[in-house]
2 protein chains.
Amino acid sequence: MALNAENESNYQASKYRTPDGAPADIVIFTITSEGKDSTKKSLPHRELQVLLIQRKQWPFEGQWALPGGFSSENETIQESARRELTEETGVSDVHLAYFNVYSTPKRDPRGWIISHAFFALVHERFLEKRQAADDAADVRLFPVEEALAMDLAFDHEIIVRDALAQIQTKMLTTTIAKEFLSEEFTISELYQVIQTVVPTFNERNFIRKITSTQSRKGIIEEVLDHNGQGKMSNRYSQRAAQLYRFTDYVPQLSIYS
Amino acid sequence: MALNAENESNYQASKYRTPDGAPADIVIFTITSEGKDSTKKSLPHRELQVLLIQRKQWPFEGQWALPGGFSSENETIQESARRELTEETGVSDVHLAYFNVYSTPKRDPRGWIISHAFFALVHERFLEKRQAADDAADVRLFPVEEALAMDLAFDHEIIVRDALAQIQTKMLTTTIAKEFLSEEFTISELYQVIQTVVPTFNERNFIRKITSTQSRKGIIEEVLDHNGQGKMSNRYSQRAAQLYRFTDYVPQLSIYS
DNA sequence: AAAATAGTGTCTATCAGACAGTATCTG
DNA sequence: CAGATACTGTCTGATAGACACTATTTT
C-alpha cells in the first residue's frame, strides 16, 4: 500500500514554491450618529462607516487600505486578526468574523500573498480615541459609499464590497444589530441601525412584529426598573420610549417552514 | 509622509518566516439512496455520505483524510479546489463553496500549513462511475456519522463537523437541496433530501406551504408536459406524483420581517 | 382488500399589512 | 399649539398547524 512512502526525515516542503505570507485584513465597521439639530430632541443621523489606514510604505504608498497584518506561525489567523483589531481600536471584546479568502495571482506586488478577510462591528464609542499606528500615516473613518469610490490599495475595494454584502445579510438574519447598539436601546434606535446597514429595509409595523408576533417576540425583551415598571428613555424624544435589550434567542430561519 | 518608505528593490518578504503551503481541502457530500424492498415500489432509504481518501504517505499514512491538495502561485485557492474536485469526481459543474480556514499552529507536521476548506454537493450519479472505475481501497464514501467517529488525519474531523453544520444551515435557508436532486423531482424526494441532511426537520404540511403559501410558492414550480398537463412520475409510488423543478427565485429571509 | 404514496378539506387562532388615530412632552 | 417621537385600534385577507379524509395504483 505504501510503495511511495515518504517519512519525516526525507520530506521537504521547500521543494515547492511556498506562499510569501498569509495576512489577515479587517473591515472595521461602525455606525456614527450625530444629532441634526441642537435645539430640539430628535433622532440622530446615522451613517455606516469603515475604518481605513493610509499606507506609509511601498506598495501603494500614500493610498488608503484596510488595517491588517501578517500572521505568524505561532497563532491562528483568527488570533492575528483579533490582535490587529485590538491594536487598531484598543478594544478586545468586539464582534469579529471571518468571511473570505483572497488569493488572485499577483494581487499583491510583494509576492504570493493570501489574504484572509474579517469584518468587525464596533460601537462608535470605541473608536473615539484611536490613533495612527506605526505603519500608518493616518487613520480615519469613511462612509462606506465614499470608501468604495476611493481607489483603495490592493483588491481592498472588492473586500469592502464583499464585507458590506455580508453584514447586510447578517443584519437581517442574525442579531448582530446589537453590536452597534448599547445594551439597552429603543425600538427606533434598532430600526435606524437596521436601515443604516440595509437601506431597503422598510417595515411599517416594525414595533408590532418584534414585540407581539409569536414567532419573533423572544428576540428582544423589555427592560424593567427595580419596581417592575418598564424602564423608559427620552434621549431622543419628547415622549419617553420603552427600552429593550436583546435576549440570547436567535430564531432559526428556513425557506421551507 | 514617507520618511520610512521602502520600495520594491529593497523589500524582502523572505526576512520573515513564511507559510509552507496553502492547500484546499474539500468535504464532498452526496446522498446515496437505495430501495428497501425490490418487490414493491417505495421511497428509498437515503443517507448523507462524505468522500474520503486513504493516505498513502507520511504524515498520517494509512489514515483516512479529506481529498485536497496544495494550491499554486498561478491560481486562486478556489481554482485549485475546483481542480481537485474534478480530479476526484470527474465532474466539473458541481456546487462548490468555501467555508473556513484552518490555521492552528502545528495542525500539520509538515510545517506551517494553512488549509482552506470547501464543501461540495454532488449527486450520487456523478460518483458512481468513479467508484466503479477506481475500486481501489483508497477512495470511499462513508456515512457522515461514521466518518466523524473514525480518527481522521490532521484536524479533518473538525473540518467535517463544521462542514456538516454549514450544509444543515444552507439546506434550510437556500435552495442547495437541488444539488442532491435531479432537475425534476417530486415533493417527497425534496422532503426526504431535507430530512436526510437535517434530521430534525419536520413539517407536516410541507406540500401546502411550498406550493400554496404566497411568500414561498415561487421557490419551485410544476413541470408541465407538451400538452400543458402536469408531468407525473411513479418512480417511487403507486399513485403518480407531480414533478417539480426549482426556479431561480431564492427568498430573502429576515428575523425582523 | 391491503398497502403504499399522494394528495385535499376544513377548522381555528394567529399574523401581515395598511392606515387612521391617540399619547406625551418640548419649545 | 405646532412639532416630534411613540405608540394603539381596527380592519381584511392570508397563513400556520392540526388532523381527518379522499385518490390512485400495485400486489
Side-chain angles (χ1 to χ4, degrees), chain A residues 33 35-46 184-193 195 200-220 222-223 229-244 251-257, chain B residues 33 35-46 184-193 195 200-220 222-223 229-244 251-257:
Chain A
S33 46
K36 345 181 206 236
D37 189 332
S38 54
T39 61
K40 280 194 179 175
K41 281 186 181 178
S42 65
L43 285 166
H45 176 72
R46 291 177 198 267
E184 302 175 355
F185 52 86
T186 66
I187 299 287
S188 297
E189 286 180 288
L190 172 58
Y191 188 78
Q192 269 209 324
V193 163
Q195 273 213 324
T200 56
F201 183 77
N202 190 278
E203 286 296 327
R204 305 181 56 138
N205 284 337
F206 184 64
I207 186 172
R208 302 299 263 282
K209 292 203 181 172
I210 203 165
T211 58
S212 64
T213 302
Q214 191 72 24
S215 57
R216 266 177 281 265
K217 73 177 158 204
I219 299 173
I220 59 171
E222 294 186 1
V223 180
Q229 299 298 303
K231 191 171 162 192
M232 313 294 275
S233 159
N234 62 344
R235 229 177 320 188
Y236 302 120
S237 59
Q238 287 77 356
R239 175 170 171 179
Q242 174 65 47
L243 286 169
Y244 289 85
Q252 297 303 304
L253 296 170
S254 167
I255 62 174
Y256 299 117
S257 56
Chain B
S33 46
K36 345 182 211 245
D37 188 332
S38 54
T39 62
K40 282 193 177 173
K41 281 188 182 177
S42 65
L43 284 166
H45 176 71
R46 292 178 197 266
E184 302 176 355
F185 52 87
T186 66
I187 299 287
S188 299
E189 287 181 287
L190 172 57
Y191 189 78
Q192 270 208 325
V193 163
Q195 272 214 325
T200 56
F201 183 77
N202 189 277
E203 285 295 326
R204 306 180 58 137
N205 285 336
F206 184 63
I207 186 173
R208 301 300 263 283
K209 291 200 181 176
I210 203 164
T211 58
S212 64
T213 302
Q214 190 73 25
S215 57
R216 268 177 280 265
K217 73 177 158 203
I219 299 173
I220 61 172
E222 293 186 1
V223 180
Q229 299 298 301
K231 192 170 163 193
M232 313 294 274
S233 159
N234 62 344
R235 229 176 320 187
Y236 303 120
S237 60
Q238 288 76 357
R239 174 171 171 179
Q242 173 65 47
L243 286 170
Y244 289 84
Q252 296 306 303
L253 297 171
S254 167
I255 63 173
Y256 299 117
S257 58

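Sequence lines set the chain letters: A, B, ... in the order given, protein chains first and strands last, and positions in each chain run from 1. This is a predicted model, so every value here is computed, not measured.
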S.K.: Does B/Q195 reach the side chain of B/R46, with side-chain heavy atoms less than 4.5 Å apart?
M.R.: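 No - every pair of side-chain heavy atoms lies 4.5 Å or more apart.
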
S.K.: Quick one: B/N205 CG to D/dA18 P, roughly how many Å, whole number?
M.R.: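 B/N205 atom CG is separated from D/dA18 atom P by 8 Å.
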
S.K.: Side-chain contact, heavy-atom cut-off 4.5 Å: B/I220 with B/F185?
M.R.: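 They are in contact (side-chain heavy atoms under 4.5 Å apart), so the answer is yes.
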
S.K.: Take the protein atom CG of A/L190 and the nucleotide atom C1' of D/dT5, then report the distance between them rounded to whole Å.
M.R.: 16 Å

S.K.: Measuring only between side-chain heavy atoms, which start at C-beta, is A/Y191 closer than 4.5 Å to A/N202?
M.R.: yes

S.K.: Figure out the CD1/P separation between B/I255 and C/dA16, and round it to whole Å.
M.R.: 14 Å

S.K.: A side-chain contact here means heavy atoms from C-beta on lying under 4.5 Å apart; do A/L243 and A/R235 qualify?
M.R.: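 SC-SC contact between A/L243 and A/R235 confirmed.
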
S.K.: Between D/dG17, C/dT5, D/dG3, spot the one nearest the side chain of A/Q238, thanks.
M.R.: D/dG3

S.K.: Under 3.5 Å, is there any donor-acceptor pair linking the side chain of B/R239 to the base of D/dA23?
M.R.: yes

S.K.: How many Å lie between CZ on B/R204 and P on C/dA6, as a whole number?
M.R.: 17 Å

S.K.: Separation of B/I207 atom CD1 from C/dT5 atom C1', in whole Å?
M.R.: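 Interatomic distance, CD1 of B/I207 to C1' of C/dT5: 11 Å.
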
S.K.: Any heavy-atom pair between the side chains of A/I210 and A/Y244 that's under 4.5 Å?
M.R.: no

S.K.: It should be established whether A/T213 places a side-chain nitrogen or oxygen under 4.0 Å from OP1 or OP2 of nucleotide C/dA16.
M.R.: yes

S.K.: Whole Å only: how far is the CG atom of B/N202 from the C1' atom of D/dG17?
M.R.: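 Checked: the CG to C1' distance equals 12 Å.
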
S.K.: With distance as the sole criterion, do the side chain of A/R208 and the base of D/dG9 form a donor-acceptor contact below 3.5 Å?
M.R.: yes

S.K.: Within this structure, what is the CD1-to-C1' distance between A/I210 and D/dT8, rounded to whole angstrom?
M.R.: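 One finds 18 Å between C1' of D/dT8 and CD1 of A/I210, rounded.
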
S.K.: Go nucleotide by nucleotide along DNA chain C from the 5' end; which of B/T186 and B/S257 gets its closest nucleotide reached first?
M.R.: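 Result of the comparison: B/T186.
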
S.K.: From the options C/dG17, D/dA16, D/dT24, select the nucleotide whose nearest atom is closest to the side chain of A/E203.
M.R.: C/dG17

S.K.: Whole Å only: how far is the CZ atom of A/F185 from the P atom of D/dA6?
M.R.: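 Computing the A/F185:CZ to D/dA6:P distance gives 13 Å.
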
